[in-house]
Amino acid sequence: MKKIWAVINLILISVLFSACTQTSVENSLAISSMHTFIGGTVYAPKSVFNKADKKLKEMYDFYNKLTDNYRGYEDVQGIYYINQLVETTKTDQTVEIKKELYDLLSLGVELYEFTDGYFDMSIGKIIDVWKNLIDESDYTGQEIPKEDIDYAISLVDTIDIVEDPVILSEVDNKYYVTLKYGAKLDLGALAKGYVTQLAADYLKDLGISNYLISGGGSSMLYGEGNPKTEDGSYRTGLINPQDVIDNLDIIGYRPKNYGIYTSKNYNFTTSGTYNQFIVSENVMYHHIVSPKTKRPVNHYLTLSIVGTDAGFNDGLSTALFSMPPEVLEQFLETNGYEVYTYLFNNTYKSYNQSENFRPL
């Protein structure tokens, strides 16, 4: 009997020792969802990463079905369902929604108020006009006739921007959204960053602090402990958008950076036009539409913001991109966000620049 217990004890000690000494390894994150690619690196024991990987894929799939603007899903009362219901009935509609969608829409309402309407998730009809025009082009940067632009402008000028288009309410632990007729929800400038932040929060809940998550390349989230740097920091290259535009015809071209940002535990979000645009009479038309003018505006080629919340920054960067320079400067002077803009004269301008930024 003593020998049996000794063997059992040895097995238990071996299992405990093995669990305690699991070493972190480099794992690749690869998720295709939300009409983009989510990639990155997670340093964790293989068994822990496998659990996280499964959960993150489920998370992105769940939010993709809630926020997809192009198709509906069975038993999902998400953005597509709400938009279609309002459009087919031609009346305001109140729909019971999941708390997860309620929280996401609440952030959209918060950003609308915080940016004085420069972020507006209800102008989907206007966004559709410009997206459709760009999608009809054969390639990025294509020159199109002025008549096509004039037609798009004539369409958006007939679309009214609805006042107070989204109303959220909670009754007896049930969540509702009211969407007014004439508005169309589009969470393309918010959902991806929001879910990427949730993904990073989940990794941290598992005790994983060393990671890099790229939400489609525009929303970057970093942890700490990077083994490829002496102090464990992560670096972000700020792409020179003009260099991209000048070399669009070179397949696989690797663009130059105009700066490097180095830090730990941060989010770096960029809104830009250099990968989705058309040209007419030397004017760029792209997918970032100003709620104030109903048109794409060309104050900056890219605008990048540094912070710790990828969801908030996803929407905020879109709003800031549409602000004229004088409005942007006043906003950033008041609120103190660290922002980098790349301008059409092939120079950059920084606001509240920190020592983490190094120009190239």
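The chain is numbered in sequence order, starting from 1.
Inter-residue side-chain proximity for Leu107 and Phe312 is flagged as met; some heavy-atom pair is nearer than 4.5 Å. Using a 4.5 Å heavy-atom threshold, the side chains of Ile159 and Ile123 count as separate. Side-chain contact between Leu185 and Thr67: absent, with no pair of heavy atoms (C-beta onward) separated by less than 4.5 Å. Residues Asn240 and Pro255 have side chains not in contact (no heavy-atom distance under 4.5 Å, counting atoms from C-beta outward). Under the 4.5 Å side-chain criterion, counting only non-hydrogen atoms from C-beta, Thr270 is not in contact with Ser317. Looking at heavy atoms from C-beta onward, Asn257 lies out of side-chain contact with Leu238 at the 4.5 angstrom threshold. Contact of the Leu101 side chain with the Ile82 side chain is registered, since non-hydrogen atoms from C-beta on lie closer than 4.5 Å. Residues Tyr43 and Asn27 fail the side-chain proximity criterion, which asks for heavy atoms closer than 4.5 Å.
A side-chain hydrogen bond (donor to acceptor under 3.5 Å, both in side chains) with Tyr261 is found for one member of Glu338, Arg358, Arg235 and no other, namely Glu338. Screening Asn69, Val86, Ile127 for a side-chain contact (heavy atoms from CB on, under 4.5 Å) involving Lys184 leaves a single residue, Asn69. Partner of Lys292 under the side-chain contact (heavy atoms from CB on, under 4.5 Å) criterion, out of Ile161, Asp120, Val297, Asp116: Asp116 alone.
Not a single donor-acceptor pair under 3.5 Å links the side chain of Thr41 to the backbone N or O of Leu212. Between the Asn210 side chain and the Gly225 main chain, a donor and an acceptor come within less than 3.5 Å of each other. Looking only at distances, a side-chain donor or acceptor of Asn267 sits under 3.5 Å from a matching main-chain atom of Met220. The backbone N or O of Lys256 sits less than 3.5 Å from a side-chain atom of Asp243, completing a donor-acceptor pair. Distance alone, capped at 3.5 Å, places no donor-acceptor pair between the Trp130 side chain and the Ala152 backbone. A donor-acceptor pair under 3.5 Å is formed between the side chain of Thr318 and the backbone N or O of Asp314. Side chain of Lys192 to main chain of Thr36: no donor-acceptor pair is present (N/O by atom type, distance under 3.5 Å, no hydrogens or angles). Distance alone, capped at 3.5 Å, is enough to place a donor-acceptor pair between the Thr88 side chain and the Leu85 backbone. Checking side-chain atoms of Lys180 against main-chain N and O of Asp164 turns up a donor-acceptor pair under 3.5 Å.
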Margin query: Is there a salt bridge (Lys or Arg N to Asp or Glu O under 4.0 Å) between Lys99 and Asp103? Walk through the geometry before answering.
Written below: CA-CA 6 Å; Lys99 185 179 186 302; Asp103 290 341; 2.8 Å; yes
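Ring-centre distance between Tyr342 and Tyr348: not below the 6.0 Å cut-off. Checked against a 6.0 Å centroid threshold, the rings of Tyr340 and Tyr258 do not count as neighbours.
Counted by atom type alone, Thr196 and Tyr60 present one or more donor-acceptor pairs between their side chains at under 3.5 Å. The closest side-chain donor-acceptor pair between Ser122 and Tyr112, if any, does not fall under 3.5 angstrom. Checking Gln197 against Asp201 by side-chain atom types alone, a donor-acceptor pair falls below 3.5 Å. At a cut-off of 3.5 Å, with distance as the only test, no side-chain donor of Ser106 or Glu110 sits close to an acceptor on the other residue. With hydrogens and angles left out, the side-chain atoms of Asn83 and Glu87 include no donor and acceptor closer than 3.5 Å.
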Tell me which donor-acceptor pairs under 3.5 Å the side chains of residues 171-179 have, and how far apart each pair is, sequence neighbours excluded?
unit_1 : atom_1 : unit_2 : atom_2 : d
Thr178 : OG1    : Thr94  : OG1    : 2.6

Side-chain donor-acceptor pairs of residues 273-283 under 3.5 Å, sequence neighbours excluded:
unit_1 : atom_1 : unit_2 : atom_2 : d
Ser280 : OG     : Ile144 : O      : 3.2

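With values rounded to the nearest 0.5 angstrom, Asp249 atom CG is found 10.5 Å from Tyr139 atom OH. Distance check: Lys264 NZ to Asp231 CG gives 5.0 Å after rounding to the nearest 0.5 Å.
Around CD of Glu326, the count of heavy atoms belonging to other residues, nucleotides or ligands within 6.0 Å exceeds 12. Counting heavy atoms of neighbouring residues, nucleotides and ligands inside a 6.0 Å radius, atom CD of Glu143 exceeds 12 of them. Open room surrounds NZ on Lys51; 12 or fewer heavy atoms of other groups in view lie less than 6.0 Å from it. No more than 12 heavy atoms of other residues, nucleotides or ligands sit less than 6.0 Å from atom CD of Glu355.
The aromatic rings of Tyr337 and Phe114 lie perpendicular to each other, with more than 60° between the two planes, well past the 30° mark. Ring-plane geometry between His286 and Phe321 is classed as perpendicular, the angle between the planes exceeding 60 degrees on a 0 to 90 degree scale with a lower cut at 30.
A salt bridge links Lys57 and Asp53; the closest N-O separation between the charged side-chain nitrogens and carboxylate oxygens is under 4.0 Å. Ion pairing between Asp157 and Arg295 holds under the 4.0 Å rule for side-chain N and carboxylate O.
Connectivity analysis of hydrophobic side chains (ILVMFWY, heavy atoms under 4.5 Å, direct or indirect) links Val162 to nothing; its cluster partners are none.
Remark: Lys54 fails to qualify as a cation-pi partner of Tyr202 under the 6.0 Å distance and 45° angle criteria applied to the six-membered ring.
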